[in-house]
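What follows is a short report on a single structure.
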Amino acid sequence: MTDSVVDSILKARYLREGEKDYDDICRRVAEALGENEDEIRDYYSEMLSLRFLPNSPTLMNAGTELGQLSACFTLYVGDSISEIFDAVSWGAQIHKTGGGTGYNFSNIRPEGSPVCSTDGVASGPVSFMKVFNAATEVIKQGGRRRGANMGILNVWHPDILNFIESKKNEGDIANFNISVMVNDEFMELVEAGEFDKVWIHHPNTGEDITVGAVWEGIINGIWRNGEPGVLFYDEINRKNMTPNLGSIDTTNPCGEQPLLHFESCVLGSLNLSKFIYKDVLDRKALERSTRIAVRFLDSVIEKNVFPIPQIRIATRRTRKIGLGLMGVHDALLMLKLAYDSPEGRDFCEETMAFVNEISADESHRLAAEKGAFPAFKGSVWGDYEVRNAAMTTIAPTGTISLLAGCSSGIEPVFSYAYTRKDTVQKTFEMIHPLFESELEKTLSGIGKSPSEVKDLKRKAINHVHETGTIQDLLWLPESFRRIFKTALDIDWRSHVLMQAAFQRNVHASISKTINMPESATKKDIADVLLLSWHEKIKGLTIYRTGSRQSVVLELSKRE
Ligand code: CDP
């Protein structure tokens with residue numbers, strides 16, 4: 001990552017008054033969270049070395065008066081006007097502090113239902129979602145970015161078709177991602193081909209909505225512009241860590257954190273590429289950083305200034321934290337493992353299992369020192385006392401991976417050379433450093449002279465910049481092309497299998513986009529959803545190339 005990109009992000013988002021660089025930020029955050037000299041030193045050095053970064057609100061607000069440190073919130077939305085507008089107000093307060101909010105709108109009565117107090121008719125969840133969207137529009141997060149929202153409707157809500165179509169035109173309800181919460185019953189009917197079966201009867205329009213109509217609506221929406229996302233209610237609840245507190249029907253904006261109403265969660269990510277030394281994973285170093293990160297995130301719960309009392313109460317009851325990985329594809333490149341190979345997936349699964357296990361062990365140690373989370377009795381942890389009901393999550397790491405200069409979350413690299421337009425509208429030319437160095441080594445290794453290496457290197461970089469792939473450069477050795485695949489070279493099945501490999505060892509969920517080529521059919525999209533359900537994924541987003549006009553990352557030819 002070029003210094004200018006990092007500088008521009010630091011200035012736009014993270015530097016507080018009097019701070020000049022990243023070092024100052026690490027110091028402020030470490031001092032705000034560490035309880036003693038040792039902790040402060042460890043937190044500081046983990047962040048400064050880019051081995052571990054907490055989510056943006058922690059970097060922005062730790063040690064400041066605002067003091068709100070979490071990225072993820074879910075709120076309760078009831079059916080009365082006062083409950084709905086309470087949620088609008090809570091959401092605004094959360095956005096103001098840099099957090100993102102998720103809402104399940106299914107309690108809201110369907111469009112056209114009688115409203116007794118006024119003798120009128122209800123306008124339904126989608127109309128209210130537009131109110132939340134408008135409120136977000138005017139509130140910037142901590143003055144630094146616009147708030148993100150997740151709007152969810154259960155597949156069994158009568159307004160489901162209207163909801164699915166609510167983002168039909170690009171730019172509609174722009175401050176929301178929307179997701180349909182499907183259940184096993186619905187997926188089983190789809191799988192059995194029961195498309196003509198009536199799924200819901202709309203009480204007000206009298207319409208019988210079939211399984212096929214809902215399924216087609218979802219598929220068409222995804223094919224058209226990547227919305228809605230899909231969440232799997234039963235899988236989320238089979239893995240609910242605190243069933244004693246009720247079931248979960250809501251996630252945060254990017255879907256990686258299913259939460260009970262009013263819970264919040266702080267995320268943090270270990271940069272896996274920093275733990276590869278001499279072509280092997282340094283498990284000792286990874287263990288040490290994982291333990292420090294768990295303590296760091298648990299300390300956030302203590303020090304956090306929660307925006308409303310309900311959130312403080314719910315968050316302190318379960319003390320969920322979301323430690324995950326970023327720089328995963330970079331680590332695979334360093335190990336010369338293909339992202340879309342069984343070996344690549346096995347490595348990821350084992351590594352995440354290790355991080356998950358160490359996280360639980362550290363949380364267990366914390367419980368011995370400071371006590372288990374208050375709702376521990378009746379949780380899935382049985383007799384094994386832990387301080388945090390859930391410890392692991394895979395975040396998108398949209399901004400922090402830029403700061404760390406690594407590939408984001410568990411996503412494959414989008415292109416090894418591209419033009420980046422950042423959130424403050426500057427453009428930067430980016431070349432992946434590992435791609436460049438390995439390319440050079442590979443070309444020299446096959447006997448090219450230094451001047452040939454130089455020419456061919458430029459040719460390959462230009463090609464990947466233009467087209468996003470090197471798979472058609474047959475003069476490059478197959479062994480190089482097999483490793484240096486991009487998000488679009490990787491078939492959808494491998495995207496799904498990678499997500500599933502991680503999900504098996506993550507307590508919460510995973511932010512992941514299943515990239516598909518422009519030529520993907522609606523049948524392909526249906527197959528992705530069915531495979532994801534079978535693979536026990538909790539939720540996903542699918543994006544078909546070219547199906548939206550505006551995306552942050554683009555190849556140069558689309559600039
Ligand atoms: O990299 P960074 O810590 O900035 O965030 P991320 O990993 O891309 O996103 C993590 C979570 O932060 C999202 O799922 C949202 O809950 C929240 N977020 C937000 O509220 N507003 C944004 N503009 C981006 C993220």
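In listed order, ligands and their atoms are each counted from 1.
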Distance under 4.0 Å to a non-hydrogen atom of [X]: what atoms of ligand 1 satisfy this?
X	result
Gly99	20 (O)
Ser56	2 (P), 3 (O), 4 (O)
Cys254	13 (C), 14 (O)
Leu267	10 (C)

Does any N/O atom on [X] come nearer than 3.5 Å to any N/O atom on ligand 1?
X	answer
Ser401	no
Thr397	yes
Ile400	yes

(message) Donor-acceptor pair, distance only, cut-off 3.5 Å: does the side chain of Asn61 make one with the backbone of Leu66?
(response) no
(request) Check whether any side-chain N or O of Thr541 sits under 3.5 Å from a backbone N or O of Thr513 as a donor-acceptor pair, and report yes or no. (result) no
Nearest option to [atom], as decided by whichever heavy atom of [options] sits closest:
atom	options	result
atom 12 (O) of ligand 1	Gly398, Ala71, Ala395	Ala71
atom 9 (O) of ligand 1	Gly100, Pro396, Gly322, Ser264	Pro396
atom 10 (C) of ligand 1	Met60, His95, Gln257, Glu256	Glu256

(message) Looking at Arg291, I'd like to know if its CZ atom is crowded, meaning that more than 12 non-hydrogen atoms belonging to other residues, nucleotides or ligands lie closer than 6.0 Å.
(response) yes
(message) Quick check on Lys303: does its NZ atom have over 12 non-hydrogen neighbours (other residues, nucleotides or ligands) under 6.0 Å away?
(response)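 Atom NZ in Lys303 is crowded, with more than 12 foreign heavy atoms closer than 6.0 Å.
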(message) For Gly147, state whether at least one heavy atom is located under 4.0 Å from any atom of ligand 1.
(response) no
(request) Return the residue, atom name and 0.1 Å-rounded distance of the protein heavy atom closest to atom 19 (C) of ligand 1. (result)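 So the nearest neighbour among protein heavy atoms is Gln141 NE2, 3.5 Å.
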(request) Could you check atom 25 (C) of ligand 1 against the protein and tell me its nearest heavy-atom contact, residue, atom and distance included? (result)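 Going atom by atom, the protein heavy atom closest to atom 25 (C) of ligand 1 ends up being Arg145 NH2, 3.7 Å.
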(request) Have a look at ligand 1 and work out which part of Asn55, if any, has a heavy atom under 4.0 Å from it: side chain, backbone, both or neither. (result)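 Within the 4.0 Å criterion, Asn55 contacts ligand 1 through backbone and side-chain atoms alike.
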(message) Residue-level breakdown please: for Thr101 versus ligand 1, do any non-hydrogen atoms fall below 4.0 Å on the side chain, on the backbone, on both, or on neither?
(response)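 It is neither; nothing of Thr101 touches ligand 1.
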(message) Please report whether the ring centroid of Tyr76 lies less than 6.0 Å from that of Trp90.
(response)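 Distance test on ring centres: not under 6.0 Å, no.
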(message) Could you check whether Phe105 and Phe163 have their ring centres less than 6.0 Å apart?
(response) no
(message) Looking at every non-hydrogen atom in both residues, tell me the closest pair between Leu267 and Ala395 and how far apart they are.
(response) CD1-CB, 3.7 Å
(request) Work out which heavy atom in Gly63 is nearest to a heavy atom in Ala32; give both atom names and the distance. (result) N-CB, 3.4 Å
(message) I'd like to know if Glu170 and Arg224 make a salt bridge, using a cut-off of under 4.0 Å between side-chain N and carboxylate O.
(response)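 Arg224 and Glu170: not salt-bridged.
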(message) Just so I know, are the side chains of His261 and Thr250 near enough to count as touching, which here means a heavy-atom distance under 4.5 Å?
(response) yes
